[in-house]
Each structure stands twice: as C-alpha cells, then as structure tokens.
Protein chains: 2
Amino acid sequence: MPVAAINPAPKRQARGEARIDQILLAAAKSFGEQGYEATTTNGIAARAGISPGSLYQFFTNKDDIAHALATRYMEQLSDVQAESFTVPEGVALDQVVSSAVGSIVDFNLAHPGFKALFARPDMPESMRAAAAPVNERLQERVRDMVAALIPALDDQRLDVTVVVVLHTVKGLLPPIVAATESMRSTLVGELEHSLTAYLRSVAATAGSA
Amino acid sequence: MPVAAINPAPKRQARGEARIDQILLAAAKSFGEQGYEATTTNGIAARAGISPGSLYQFFTNKDDIAHALATRYMEQLSDVQAESFTVPEGVALDQVVSSAVGSIVDFNLAHPGFKALFARPDMPESMRAAAAPVNERLQERVRDMVAALIPALDDQRLDVTVVVVLHTVKGLLPPIVAATESMRSTLVGELEHSLTAYLRSVAATAGSA
DNA sequence: GCATAATACGAGCGATTACTCGTGTTTGTC
DNA sequence: GACAAACACGAGTAATCGCTCGTATTATGC
C-alpha cells in the first residue's frame, strides 16, 4: 500500500485559488510596508478580507506564506528576465545594464513585498530558506549576463563581479523605491552609471590577468 | 521651585558602568547574530550574566539599548573617521577610497552589532530613530570626502553621488562580513574597485554640466 | 556603625501572536 | 436533492516576550 499522505492536498476550487491570490497580495503589501516580523498573520487575513481560520486552510504557517510568495516572484521574474537580461550580440554594455536595472526596479515597484525577500541582510533562518531560490535565480541570471558582456573573465573573477553587482543593486533598491518619482529616475540613472563604470573597468583589466 | 525630575538619574557606581558595558556588548553580539526583533531582552541579560531586572535598572526599554548602542558607535566612529576620512591634498582618489572603506569594514568586524543599525533597510520605526544619527553622521563624512575629491560637483550631483556611495557600501557589507578572511579581502578590494571606477567616472563628467 | 542610595535578583504579569478547532455554509457530483 | 468535500468563521489556546515589583545585598557618605 502507498504511504498515506500526511496532508492530502485538497482539490482547490476557483474560490480557493482566488483566496490564495488575495492572501499573497495582502501579505506582499504588509511585508513591504512593515517587514516580515512585524507583519501578523491575523493582519494579513484582515487585509485580505478573510478570517484567520480561512488563512490557515491555504497555508500551514507564516513561513509558508513567505515561501509561496517567493515562489511566485521567482516565476514572474523568470518571464521578465527572459526579455531583459539576455544580451544580444553587439549591444553596448550600458544599454544592457540599463535594461536589466530597469526591469528589476520596475519589478520592485510592482511587487512591494519583493525587497523584503531580496534586499534584506538579516532575515530569520526560516525566511532565508524561503528567499534562497530567488537569490540563486538572480545570481545565475546576472552571472550569465556578465559572462556575456565580459567573456575574458575567468570563473573566480566572474563570481566576485557578480557579488558586487548584485549587492550594489540590493543596497540601492531601498532608497530608489522610497524616493519620489523624479528623484527615483535620477537614482536609477546613477545606479546604472555606477554599474557601467565598474563593469567597464573590470572589462579593461580582464585580459591582463 | 524647579520641576521635579521624573527619572532622577542615579549616580552610577563603577559597578554600574561595568554592567552597562556588559549589557551593550551582549546586545551588540545578539543584534549582529539574530537581528533586532529576534533578540530578546532576557537573552541579552542572560548573555551579559545578569538578571532581567538588573538590565532594566540601566535601560528603560529595548529601544533604549539600541539607542545607547548607536550613540556609542557614533562616538567611536568619529574617532576612526577623523583619521581615515580626511582627504589630504594631492592624494590619489583610490587611496582615499581604500582608506575609508578599510576603516568601515574594520569597524564592522570589531563591532558586530553595527550592521544591524546601519545596513538594514526595513527596521521598525523605533529603531530607525535610534539609528538615524549614525546614518546622518556617516552621510556628512562621505559628503565631505566626495566634495574634497571632486570639487567641481554641484550640490545636487553631490547628494546623489553620496547616496550611491553609501548604499553601495551598505549593500556589500553583509557578504564582506560573512566571508572567510581571504574571500573578504578580495571582496573589499572589489568594492574599492567599484567605488573608484564610479567616482572617477563622476569626476570626468563633473565639469561638463 | 548607620542611613541612604545603588545594585541585584527572578518569579510572574499583561499583552501580543501564531495557530487551532468546533461549527456552520457553499460548491461540485451523481 | 443528497452527500461529501472544500471553504469560511472567529473565539479561544498555548507560548513568548517586554517589562515590573517586592525583596535582598552591596557600596558610599558621614
């Protein structure tokens, strides 16, 4: 006989799928506004317009919500990155950087909870696990992008460069998201400026190793 | 008659001063390891080797501990910055950057709680208030440094440049602190590389506005 | 030595929070 | 329409945490 499923996954009805969407949306807003710890599950339920009990029919605990949110972000990010992170041959470095930075910033603006899963240094262990796939995915994409831009880089230098690029973006996302619209575009431009200057400099010294 | 002091500050004995040091040290370690929210006041007390009641004879609440820690960091930072952030005339840009980055990294390694007050984007409001003076102080220093390095920058461009520099460092501090020693020096070098490339690029376009 | 203030203790209080459970309602299937 | 499964509710529970308070000990000034 087959091992009995501990949690026989219920067959979701359309109502249930809609509830899940509401819950994840409410959670994303709360995470983005107050951070993970300060967000209460009862608060998420209230914001989603349901009772605490209903929330726990779709998610086993608070971490599970963060995990589901991260998974969803990862899927949506894949779509965005498929367009904006590929490097067509013969395109200037600053255009590639601009495209990638733009898509990440837009994604953060459209998904307010994202930065809580991506740009935060000291998360509780449980949440770090939930956010890990998102970070790995981003790292791979940035790695491919940098490798395409600067083919002369050996693997070690490539790794270090990816860390610098990724964490530079992480560091600047909070002020960018918090800024007013005009200030935001200034900051985005300056982030692109910084990354471009760095990558050009890396490229200039890549061959002479 | 004078207004009665609500909290007549007790005259600290040598014992009391020593306790305060123990408490702040324990708090710094806990904040650095687990973050602010996950750190419990009873945990700080236990780590400091005292009872919860004793802790509250020196601090009115948890925020007060963070505030005192921030104040202490600010004083110690002033000493460090006085040496390493001043820009002697005729010194190369990359040397100034290297000195400043080195001092900030060393400070973080020596004071494990610092990054919880400096490099974290989504803190609770109460803690943001405690950390604000530290951030302002750093901002001023970086501003002075950049202004000395690139005198041609107008005020607006200067502000933006400072934000980029400061948040780039913020973003890279977590991986730098977490890295092993050899990886750490590589990352520090690369952070200096990035900042230098960016500032040189800013300097190159500063006159043509 | 004596009075006063500072330091020390730790059990426990009040508030908060993640999560449960008993019960009732809606939806899909035949 | 009948049955089961999915959905919904919200008061309640157990555990945690910041903080208090009554009491005991140690240091200081005279």
Side-chain angles (χ1 to χ4, degrees), chain A residues 4-24 26-27 30-31 33-69 116 123-127 129-130, chain B residues 4-24 26-27 30-31 33-69 116 123-127 129-130:
Chain A
I6 311 280
N7 281 332
K11 300 207 173 197
R12 294 271 167 248
Q13 299 177 357
R15 209 177 10 153
E17 301 284 356
R19 284 281 182 252
I20 289 177
D21 288 347
Q22 291 172 23
I23 292 166
L24 289 181
S30 295
F31 288 161
E33 287 170 13
Q34 317 166 353
Y36 178 74
E37 288 96 331
T39 299
T40 70
T41 54
N42 284 20
I44 294 174
R47 193 162 194 168
I50 63 174
S51 77
S54 292
L55 188 151
Y56 283 92
Q57 293 213 334
F58 302 103
F59 300 97
T60 65
N61 55 37
K62 195 178 171 184
D63 288 346
D64 192 30
I65 300 175
H67 189 83
L69 199 59
M123 355 190 166
E125 190 51 46
S126 62
M127 212 205 175
Chain B
I6 310 281
N7 281 332
K11 299 210 173 195
R12 293 271 169 248
Q13 301 177 356
R15 212 179 4 156
E17 301 285 355
R19 284 284 182 249
I20 290 177
D21 288 347
Q22 290 172 24
I23 293 166
L24 289 182
S30 296
F31 288 161
E33 286 170 13
Q34 317 166 354
Y36 179 74
E37 288 97 331
T39 299
T40 71
T41 54
N42 284 20
I44 295 173
R47 194 162 194 168
I50 63 175
S51 77
S54 293
L55 189 152
Y56 282 92
Q57 291 211 330
F58 302 102
F59 299 98
T60 64
N61 55 37
K62 195 179 172 182
D63 288 346
D64 193 30
I65 300 174
H67 190 83
L69 199 59
M123 358 190 165
E125 190 52 46
S126 62
M127 211 204 176

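Since this is a predicted model, take the numbers as computed values, not measurements. So you know, we letter chains A, B, ... as the sequences are listed, proteins then strands, and number each from 1. All values below were derived from every heavy atom in this structure, side-chain atoms included, with hydrogens, water molecules and symmetry-related copies excluded.
- Every side-chain contact (heavy atoms from CB on, under 4.5 Å) that B:A48 has, sequence neighbours left out, goes to B:Q22, B:I23, B:A26, B:I50.
- For B:R15, the side-chain contact (heavy atoms from CB on, under 4.5 Å) partners two or more places apart in sequence, or in a different chain, are B:Q13.
- Here A:D21 pairs with A:R72 under the salt bridge (Lys or Arg N to Asp or Glu O under 4.0 Å) rule; sequence neighbours left out.
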*How would nucleotides 3-22 of chain D be written as a contact map, 5' to 3', with B for base contact, S for sugar-phosphate-only contact and - for no contact, using protein heavy atoms under 4.0 Å?*
---SBBBB------SBBBB-

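- Remark: B:T39 pairs with B:S30, B:F31, B:Q34, B:I44 by the side-chain contact (heavy atoms from CB on, under 4.5 Å) rule, at least two apart or across chains.
- In terms of the salt bridge (Lys or Arg N to Asp or Glu O under 4.0 Å) criterion, A:E17 has no residue partners (sequence neighbours excluded).
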